[in-house]
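Please read the structure below before turning to the comments.
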Amino acid sequence: MKAEKFTLVRHFDGYPKTTDFKLESEELPPLKDGEVLCEAEFLSVDPYMRPYTMSMTPPFTMIGGQVAKVVESRNAKYPAGSYVIGQLGWRSRIVVLPATPGPDKSSAAGLEPLPDMGGLPHSYALGVCGMPGVSAYFGFLELCQPKEGETVVVTGAAGAVGSLVGQIAKIKGCRVIGFAGTDDKCAWLRELGYDVAINYKTCPDIDAALKEAAPKGVDCYFDNVGGMLSHRIRQQMNLFGRISVCGSISSYNDKTGEGAQVPVPEMTTVFKQLRSEGFIVTRWWHRKNEAISQMAAWVREGKIKVQEHVTQGFHNMPQAFMGMLKGDNTGKAIVKV
């Protein structure tokens with residue numbers, strides 16, 4: 001059995017380049033007892049892949065999640081024709097030996113049956129009903145603890161996580177302000193129900209625009225971006241404001257490794273008595289079914305709208321990844337094999 005995979009041959013220097021990746025062919029072994037052969041259907045590209053790979057030693061198969069079909073099986077729990085989700089990397093096919101599920105019902109080998117999404121498309125398991133959805137659900141609700149009538153700001157608001165956070169905030173009765181990088185993205189945010197959408201790349205005075213959008217100040221801030229934009233938002237937060245730090249994409253491709261030079265946040269944090277907390281979604285992975293069930297229900301009820309940025313073809317994985325880091329996507333970026 002032949003398969004293809006993308007190997008990362010060197011660490012990224014600034015923005016990733018096509019020459020950082022190598023498409024390789026590999027021969028897969030015959031299945032042994034307990035093993036399954038998975039064939040990729042959808043693959044995910046996400047911002048976390050950029051910083052995570054810096055702690056790994058090339059060459060290695062590029063990391064990432066995928067929805068796959070079991071095309072051959074010697075494991076009764078994963079019959080041929082069933083669908084799975086797992087951290088299987090940038091591979092077209094892979095032979096996997098699923099581990100015994102732990103207390104949270106997940107497999108130690110990173111392979112799980114596709115979650116029950118009530119008939120929603122398989123690709124949603126990589127987005128609204130997957131890692132981004134779980135991140136938005138727990139990262140916002142657990143850390144920001146929004147209350148009806150409060151004002152919420154989201155940066156990276158048109159991305160896979162940010163677009164969901166804003167909609168959850170509206171469901172909870174909040175006023176929601178989103179920052180995105182194009183007029184089209186801002187128009188889409190308004191379609192999603194955002195009260196105000198600001199193009200941070202073209203806005204002549206972000207401080208004034210935010211003050212007009214949030215005349216009573218900001219209570220909750222969901223931060224996907226970091227840098228100077230986050231500094232400006234913190235200045236307009238209310239006493240006892242809450243900040244959930246999901247990411248810092250503004251600095252991921254910084255060659256110096258130092259990121260944007262911004263004023264230190266401690267003075268603002270102290271005098272406004274802010275609570276700022278970063279998170280990694282695995283903190284709540286044992287509760288992921290709670291989030292997936294609720295997110296799927298909100299989608300079916302029309303309370304959450306989903307948009308996917310789909311790249312066709314496994315061979316275009318690097319292009320999809322690089323485009324996502326440059327902000328080409330609106331909503332969840334995925335690759336359809």
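Values in this document were obtained by computation on a predicted structure and should not be read as measured data.
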Atom CG of Asp207 with >12 non-hydrogen neighbours under 6.0 angstrom: yes
Cluster check Val218, Val176: I/L/V/M/F/W/Y, side chain < 4.5 angstrom: no
Angle class for the Trp284/Phe279 ring planes (parallel below 30°, perpendicular above 60°, tilted otherwise)? tilted
Salt bridge or not between Arg175 and Glu148? Use side-chain N to carboxylate O under 4.0 Å. no
Indicate whether the side chain of Tyr48 and that of Asp46 have a donor and an acceptor atom separated by less than 3.5 Å. no
Taking atom types as modelled, is there a side-chain donor on Ser123 or Glu308 under 3.5 Å from an acceptor on the other? yes
Looking only at heavy atoms, what is the nearest atom pair of Thr19 and Val9, with distance? O-CG2, 3.6 Å
About how many Å separate CG of Leu111 and CD1 of Ile85, when rounded to the nearest 0.5 Å? 9.5 Å
What I'd like to find out is whether the side chain of Met1 reaches to under 4.5 Å of the side chain of Glu72, using heavy atoms alone. yes
Side chains of Tyr221 and Thr155: any donor to acceptor distance under 3.5 Å? yes
Stacked cation flag Lys17 on Phe12, 6.0 angstrom / 45 deg: no
For Met267, does the CE atom have more than 12 heavy-atom neighbours from other residues, nucleotides or ligands under 6.0 Å away? no
Answer yes or no: are there more than 12 heavy-atom neighbours, outside Phe60 itself, under 6.0 Å from its atom CZ? yes
Take Lys332 and Ser44, measure what side chain to side chain donor-acceptor pair (under 3.5 Å) needs, and give me the verdict at the end. CA-CA 8 Å; Lys332 180 70 185 82; Ser44 181; 2.8 Å; yes
Backbone of Arg91 reached by a side-chain donor or acceptor of Gln66 within 3.5 Å: yes
Can you tell me how the ring of Tyr137 sits relative to the ring of Trp298, calling it parallel under 30°, perpendicular over 60° and tilted otherwise? tilted
How long is the straight-line distance from CD1 of Ile168 back to SG of Cys174, given to the nearest 0.5 Å? 11.0 Å
Sidechain N-carboxylate O distance under 4.0 Å for Glu112, Lys288: yes
Minimum-distance pair of heavy atoms, taken over all atoms of Ala68 and Cys38: CB-CB, 3.9 Å
Output, in order, the C-alpha distance, side-chain angles, deciding distance and verdict of side-chain contact (heavy atoms from CB on, under 4.5 Å) for Val67 and Val84. CA-CA 6 Å; Val67 170; Val84 294; over 6 Å; no
For the NZ atom of Lys69 and the CD atom of Glu41, what is their distance to the nearest 0.5 Å? 8.5 Å
What pairs meet the side-chain hydrogen bond (donor to acceptor under 3.5 Å, both in side chains) rule with one or both residues in residues 237-246, with sequence neighbours excluded? Glu150-Arg242, Asp219-Asn238
Is there a donor-acceptor pair under 3.5 Å between the side chain of Trp90 and the backbone N or O of Ile63? yes
Same hydrophobic cluster for Leu97 and Val95, using side-chain heavy-atom links shorter than 4.5 Å among ILVMFWY? no
So Gln307 and Thr330, side chain to side chain donor-acceptor pair (under 3.5 Å) or not? Walk me through it. CA-CA 7 Å; Gln307 183 163 324; Thr330 299; 4.5 Å; no
Donor-acceptor contact present, side-chain Gln167 to main-chain Ser163, <3.5 Å: yes
Between Phe138 and Arg283, is a side-chain contact (heavy atoms from CB on, under 4.5 Å) present by the stated rule, with each step listed? CA-CA 9 Å; Phe138 288 116; Arg283 181 199 304 195; over 6 Å; no
Mind checking the CG-CZ spacing from Leu43 to Phe321? Nearest 0.5 Å is all I need. 13.0 Å
Are more than 12 heavy atoms from other residues, nucleotides or ligands located less than 6.0 Å from atom NZ of Lys172? no
Do Val134 and Tyr52 belong to the same hydrophobic cluster, where Ile, Leu, Val, Met, Phe, Trp and Tyr are linked whenever their side-chain heavy atoms lie under 4.5 Å apart, directly or via other members? yes
For the residue pair Leu37 and Val96, establish whether any side-chain heavy-atom pair is separated by less than 4.5 Å. no
Look at the side-chain heavy atoms of Ile, Leu, Val, Met, Phe, Trp and Tyr, link any pair under 4.5 Å apart, and say whether Ile304 and Tyr124 land in one connected group. yes
What are the two closest heavy atoms between Val70 and Tyr78, and how far apart are they? CG1-O, 3.6 Å
Given 3.5 Å as the limit, does a donor-acceptor pair link the side chain of Lys185 with the main chain of Gly327, or not? yes
Within the supplied structure, the quantity of interest is the number of heavy atoms (other residues, nucleotides, ligands) at a distance under 6.0 Å from Gln273 CD; does it exceed 12? yes
Show the nearest heavy-atom pair for residues Cys220 and Phe140, with the distance to one decimal. CB-CE1, 4.5 Å
Does the Asn75 side chain pair with the main chain of Gly34, one donor and one acceptor, at a distance under 3.5 Å? yes
Taking all non-hydrogen atoms of both residues, which atom of Cys129 and which atom of Met117 are closest, and how far apart? CB-SD, 3.5 Å
Taking atom NZ as the centre, does Lys272 end up with more than 12 heavy-atom neighbours from other residues, nucleotides or ligands that are less than 6.0 angstrom away? yes
Assess whether salt bridge (Lys or Arg N to Asp or Glu O under 4.0 Å) is satisfied between Lys170 and Asp195, documenting all intermediate values. CA-CA 9 Å; Lys170 291 304 298 181; Asp195 296 281; 2.9 Å; yes
Please step through side-chain contact (heavy atoms from CB on, under 4.5 Å) for the pair Arg234 and Ile243, ending with a clear verdict. CA-CA 9 Å; Arg234 284 193 295 266; Ile243 305 170; 3.9 Å; yes
Report yes if the side chains of Met324 and Gln319 come closer than 4.5 Å at any heavy-atom pair, otherwise no. no
Shortest non-hydrogen contact from Ser73 to Ala80? CB-N, 3.8 Å
Side chains of His11 and Met54: does their closest heavy-atom pair fall under 4.5 Å? yes
Take the angle between the ring planes of Phe21 and Phe6 and call it parallel below 30°, perpendicular above 60°, tilted in between. perpendicular
Is the closest side-chain heavy-atom distance between Asn224 and Val154 below 4.5 Å? yes
Using only atom types and a distance under 3.5 Å, with no angle test, would you say the side chain of His309 pairs donor to acceptor with the backbone of Val335? no
Is there a donor in the side chain of Glu4 and an acceptor in the side chain of Ser25, or the other way round, less than 3.5 Å apart? no
Residues Asn316 and Thr311: side-chain donor-acceptor under 3.5 angstrom: no
I'd like to know if Glu39 pairs up with Arg93 as an ion pair, taking the criterion as any Lys NZ or Arg NE/NH1/NH2 lying under 4.0 Å from an Asp or Glu carboxylate oxygen. yes
Whether the side chain of Lys2 engages the backbone of Leu28 through a donor-acceptor N/O pair (distance < 3.5 Å, no angle test) should be reported. no
More than 12 heavy atoms of other residues, nucleotides or ligands under 6.0 Å from NZ of Lys211: is that the case? no
side-chain contact (heavy atoms from CB on, under 4.5 Å), that's the test. Do Thr268 and Gln235 meet it? Break it down for me. CA-CA 7 Å; Thr268 301; Gln235 301 313 299; 3.1 Å; yes
Heavy-atom donor-acceptor pair, Gln312 side chain to Val337 backbone, under 3.5 Å: no
Where the side chain of Ser293 meets the backbone of Glu290, is there a donor-acceptor pair that is under 3.5 Å apart? no
Between the side chain of Arg74 and the main-chain N/O of Glu35, is any donor-acceptor distance below 3.5 Å? no
In this structure, would Ile233 and Leu189 fall into the same cluster of hydrophobic residues linked by side-chain contacts under 4.5 Å? no
